[in-house]
> 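Quick one: structure below, then a few questions.
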Amino acid sequence: MRSAGAVERLWRERQTLEVVWTGPKPASSTLRRTDQALLEVIEAAQSELWIVCFAVYRLNMINRALGRAIDRKVRVHFVMETSDESGGRLTSEGTAALDPAMRTAASIYVWPESKRPLSGTRKGLLHAKCALADDRLLFVSSANLSQNALELNMELGLLVRGGPEPGETGRHLRWLVQSGVLMPAGP
């Protein structure tokens, strides 16, 4: 029994990668869309969920899934770009797309302009896009968190199950917060 349990754990922890694609594809394609992969990550979260994104717009089905995560007592963390911190490159606030209950229940972080590297007159942008459930399921994507990106745009991502990368990503995100690189968003 112990051997069977050890083999089961090994298979469960084994890393798998899945390509995620939104956009034109052949009829025979088995690739999943971006919205399906993101919803899987949100629904898989049992204790902690991180969502990192540049732009956030119109999130109907995502807001419902996030609400279910909060109902499951999942700690939800967002890392978002803001119009102020982006120097006007982003024209709307991502928090406005979240349900009011989510804005209250979630931890929302920003990368302050004062913490960003400069190159001449240009400064770094928070351009990463990923979702992480419980340090075990990681979705890395080109897609912003918007209806168009999730359903219409040509977007590419990888869904990573198991292996060291999800945990490493979670440790890195927590370090960014603990070290003060990311700061809680203002009201």
> Taking NZ, NE, NH1 and NH2 as the nitrogens, is one of them in R75 or D134 under 4.0 Å from a carboxylate oxygen of the other?
no
> When hydrophobic residues are tied together by side-chain contacts of less than 4.5 Å, even through go-betweens, does W175 share a cluster with L173?
yes
> Side chains of V19 and L158: does their closest heavy-atom pair fall under 4.5 Å?
yes
> Taking atom types as modelled and ignoring hydrogens, do the side chains of T34 and E155 form a donor-acceptor contact shorter than 3.5 angstrom?
no
> For the side chain of S142 and the backbone of L156, is there at least one donor-acceptor N/O pair under 3.5 Å apart?
yes
> Which residue pairs pass the salt bridge (Lys or Arg N to Asp or Glu O under 4.0 Å) test when at least one of the two sits in residues 144-154, sequence neighbours left out?
none
> Determine, using the 4.5 Å side-chain heavy-atom cutoff (strictly less than), whether I70 and M61 are members of one ILVMFWY cluster.
yes
> What closest approach, in Å, do L137 and R161 show between heavy atoms, and which atom pair accounts for it?
CD1-CG, 3.3 Å
> If you take all heavy atoms of L49 and L66, which pair is closest and at what distance?
CD2-CD2, 3.7 Å
> Do the rings of W50 and Y109 sit parallel, tilted or perpendicular, given the 30° and 60° boundaries?
parallel
> Less than 4.5 Å apart, any side-chain heavy atom of P166 and any of L132?
yes
> Under 4.5 Å between side-chain heavy atoms, counting indirect links through other Ile/Leu/Val/Met/Phe/Trp/Tyr residues: same cluster for V177 and M183 or not?
no
> Any heavy-atom pair between the side chains of I62 and L38 that's under 4.5 Å?
yes
> Do you know the tightest heavy-atom contact between V110 and A185?
CG1-CB, 3.9 Å
> Could you tell me whether a side-chain N or O of W21 sits under 3.5 Å from a main-chain N or O of P24, the two making a donor and an acceptor?
yes
> Salt bridge check, E48 against R136: does any charged N sit closer than 4.0 Å to a carboxylate O?
no
> Within the side chain of K25, is there an N or O that forms a donor-acceptor pair under 3.5 Å with the backbone of L31?
yes
> With heavy-atom distances below 4.5 Å as the criterion, would you say the side chains of V76 and S107 are in contact?
no
> Can you see which heavy atom on C53 is nearest to which on L126, and at what distance?
O-CD2, 3.4 Å
> Taking side-chain contact (heavy atoms from CB on, under 4.5 Å) as the definition, give me every residue that meets it alongside A65, ordered by chain and number, with sequence neighbours left out.
L39, I42, E43, R68
> Answer yes when R116 and E81 have at least one side-chain N-carboxylate O distance shorter than 4.0 Å, and no when they do not.
yes
> Taking all non-hydrogen atoms of both residues into account, name the closest pair between P164 and R171 and its distance.
O-NH2, 4.4 Å
